[in-house]
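Written out below as structure tokens is the structure these notes cover.
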Amino acid sequence: MPELPEVETTRRGIEPYLVGQRVSRVLVRDRRLRWPIPEDLDVRLSGQRIQAVERRAKYLLIKAERGTLIVHLGMSGSLRLVDAALPAAKHEHVDILLESGQALRYTDPRRFGAMLWSHEPLAHVLLASLGPEPLGEDFDGDRLYRLSRGRSMAVKPFIMDNAVVVGVGNIYASEALFAAGIDPRRPAGSISRARYLKLGEEIRRILAMAIERGGTTLRDFVGGDGKPGYFQQELFVYGRAGEFCKNCGGTLREIRLGQRASVYCARCQR
């Protein structure tokens with residue numbers, strides 16, 4: 001599933017080609033995403049000029065003059081700019097045709113993504129209860145420490161909770177916990193403030209680095225320019241079960257936490 005750095009990479013990739021452009025038509029080939037694409041999306045968006053492309057958590061907000069298109073990439077979705085005349089391939093479900101002659105094309109083989117219309121996107125039921133952005137001023141290790149008090153759940157699913165902080169998915173939670181030297185199985189409430197301060201710093205550092213590198217190429221993900229991300233080569237634990245630890249040379253172990261695979265180093269993470 002595309003995580004926050006992949007979504008931000010997509011946002012940065014498509015933004016220069018969308019802002020200021022007027023939508024000439026919205027061509028929907030298949031409305032059957034996680035929630036059906038509104039039948040009147042073409043009527044709502046066509047003729048409007050795109051004013052901004054923003055991101056909230058893993059949602060892209062394509063803001064027009066009178067409303068906002070909320071886009072989620074689901075497990076396998078991608079957005080890229082193509083020549084509007086380029087024939088659509090299988091799984092290319094939506095084209096937002098621009099007066100420039102290009103089209104913003106949405107591809108989603110598994111159809112777990114979403115395209116929804118809203119006049120108040122931040123008040124939408126999907127976004128209203130989200131926690132702070134991990135790279136924003138409202139997030140730090142102190143917040144993790146405060147919210148963790150009395151919590152018995154493991155620290156990894158705790159930092160993956162979107163009410164605590166948005167966008168820390170499986171890949172980057174694993175990497176941040178390794179960098180902070182924290183065992184992902186540790187009860188969230190048992191970790192000291194000093195260690196949470198370190199974890200908060202590592203979450204910010206690793207996500208910022210992943211965005212700079214263009215995200216992580218995993219399975220189907222490509223960025224807004226159609227090119228894959230290149231952070232995967234810098235992963236220390238995620239997807240490396242049974243391999244050697246790049247820090248101590250020990251063997252990395254895999255466990256299940258919150259129904260997700262979690263790889264860690266028993267020597268480096270306590």
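Here OG of S78 is found 11.5 Å from NE2 of H91. Values are rounded to the nearest 0.5 Å. How far CZ of R34 is from CE of M75: 10.5 Å, rounded to the nearest 0.5 Å. A distance of 11.5 Å separates CD1 in I62 from CZ in R11, rounded to the nearest 0.5 Å. Atom-to-atom distance recorded for K58:NZ and L130:CG is 11.0 Å, nearest 0.5 angstrom. Between the CG atom of L257 and the CZ atom of F158 there is a distance of 14.5 Å, given to the nearest 0.5 Å. Note: R143 CZ to S148 OG = 11.5 Å, rounded to the nearest 0.5 Å.
No cation-pi contact links R267 to Y264, judged by a cut-off of 6.0 Å to the six-membered ring centre and 45° from its axis.
Taking all atoms of both residues into account, the shortest heavy-atom contact from A154 to R185 is CB-O, 3.9 Å. Contact record, Y145 with Y196: CA-CD1, 3.7 Å, taken as the closest heavy-atom pair. Closest of all the heavy-atom pairs between Y106 and G113 is OH-CA, 3.3 Å. When every heavy atom of C245 is checked against every heavy atom of C268, the shortest pair comes out as SG-SG, 3.8 Å. Heavy-atom minimum distance, V26 versus D42: N-OD1, 3.0 Å. Smallest separation of non-hydrogen atoms from V7 and R55: CG1-CD, 3.9 Å.
More than 12 heavy-atom neighbours from other residues, nucleotides or ligands sit within 6.0 angstrom of CZ on R111. Counting non-hydrogen atoms of other residues, nucleotides and ligands closer than 6.0 Å to CZ of R253 gives a total of 12 or fewer. Annotation: R29, atom CZ; neighbour count of heavy atoms from other residues, nucleotides and ligands within 6.0 Å is above 12.
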query = Passes side-chain contact (heavy atoms from CB on, under 4.5 Å), W117 versus L45? Steps please.
reply = CA-CA 9 Å; W117 185 257; L45 187 53; 3.8 Å; yes
task = Using the side-chain contact (heavy atoms from CB on, under 4.5 Å) rule, take Q21 and R49 through it: C-alpha gap first, then chi angles, then the decisive distance, then the call.
result = CA-CA 5 Å; Q21 286 291 323; R49 195 176 299 278; 6.0 Å; no
ask   = Are V94 and L27 close enough, and set up right, to give a side-chain contact (heavy atoms from CB on, under 4.5 Å), and what steps lead you there?
value = CA-CA 6 Å; V94 181; L27 177 60; over 6 Å; no
task = Report the C-alpha separation of L207 and E8 in whole Å, then their side-chain angles, then the decisive distance to 0.1 Å, and conclude whether the side-chain contact (heavy atoms from CB on, under 4.5 Å) test is met.
result = CA-CA 10 Å; L207 286 173; E8 177 62 18; over 6 Å; no
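Cluster partners of L252, using a side-chain heavy-atom cutoff of under 4.5 Å among ILVMFWY residues and allowing indirect links, are F178, F236, V237, V263.
Salt-bridge formation is not detected for the pair D140/R204: no Lys NZ or Arg NE/NH1/NH2 atom is positioned less than 4.0 Å from an Asp or Glu carboxylate oxygen. Between E92 and R80 there is a salt bridge, with a side-chain nitrogen of the basic residue lying less than 4.0 Å from a carboxylate oxygen of the acidic one. A salt bridge links D95 with R105; the closest basic N to acidic carboxylate O contact falls under 4.0 Å. Salt-bridge check for R193 with D142: passed, with a basic side-chain N closer than 4.0 Å to an acidic carboxylate O. Ion pairing of E202 with R205 is present here, as a side-chain N (NZ or NE/NH1/NH2) and a carboxylate O approach within less than 4.0 Å. A salt bridge links E133 to R56: at least one charged side-chain nitrogen sits closer than 4.0 Å to a carboxylate oxygen. Taking 4.0 Å as the cut-off between side-chain N and carboxylate O, E65 and R22 count as a salt-bridged pair. Between K63 and E54, at least one side-chain nitrogen of the basic residue sits less than 4.0 Å from a carboxylate oxygen of the acidic one, meeting the salt-bridge criterion.
A 4.5 Å side-chain heavy-atom check between L69 and M115 finds at least one atom pair inside the cut-off. Counting heavy atoms from C-beta on, the side chains of N247 and C265 never come closer than 4.5 Å. Between F112 and S76 there is no side-chain heavy-atom pair separated by less than 4.5 Å. Residues D161 and L147 have side chains not in contact (no heavy-atom distance under 4.5 Å, counting atoms from C-beta outward). The closest side-chain heavy-atom distance from H93 to T107 is not below 4.5 Å. In this structure, Q269 and P184 have side chains that are in contact, with non-hydrogen atoms separated by less than 4.5 Å. Looking at I96 and L18, their side chains never come closer than 4.5 Å, going by heavy atoms from C-beta outward. Using a 4.5 Å cut-off on side-chain heavy atoms (C-beta onward), V82 and L104 make no contact.
A donor-acceptor contact closer than 3.5 angstrom links the side chains of K156 and N170.
With S46 contributing its side chain and V43 its backbone, the two residues share no donor-acceptor pair below 3.5 Å. The closest donor-acceptor contact from the side chain of Q48 to the backbone of R44 lies under 3.5 Å. At distances below 3.5 Å, at least one donor-acceptor pair connects side-chain atoms of E6 with backbone N or O atoms of E3. The main-chain N or O of F244 is found under 3.5 Å from a side-chain atom of R240 such that the two form a donor-acceptor pair.
When the side chains of ILVMFWY residues are joined at heavy-atom separations under 4.5 Å, either directly or via intervening members, L235 and I206 end up in a single hydrophobic cluster. I203 and M153 fall within the same hydrophobic cluster, defined by Ile, Leu, Val, Met, Phe, Trp and Tyr side-chain heavy atoms under 4.5 Å apart, directly or through other members. Tracing side-chain contacts under 4.5 Å through hydrophobic residues (I, L, V, M, F, W, Y), one never reaches L197 starting from I182; they form parts of separate clusters. Under the 4.5 Å side-chain heavy-atom criterion for ILVMFWY residues, no single connected hydrophobic cluster contains both L61 and L81. Under a hydrophobic-cluster definition in which Ile, Leu, Val, Met, Phe, Trp and Tyr are linked whenever side-chain heavy atoms come within less than 4.5 Å, directly or via other members, L116 and L73 are assigned to different clusters.
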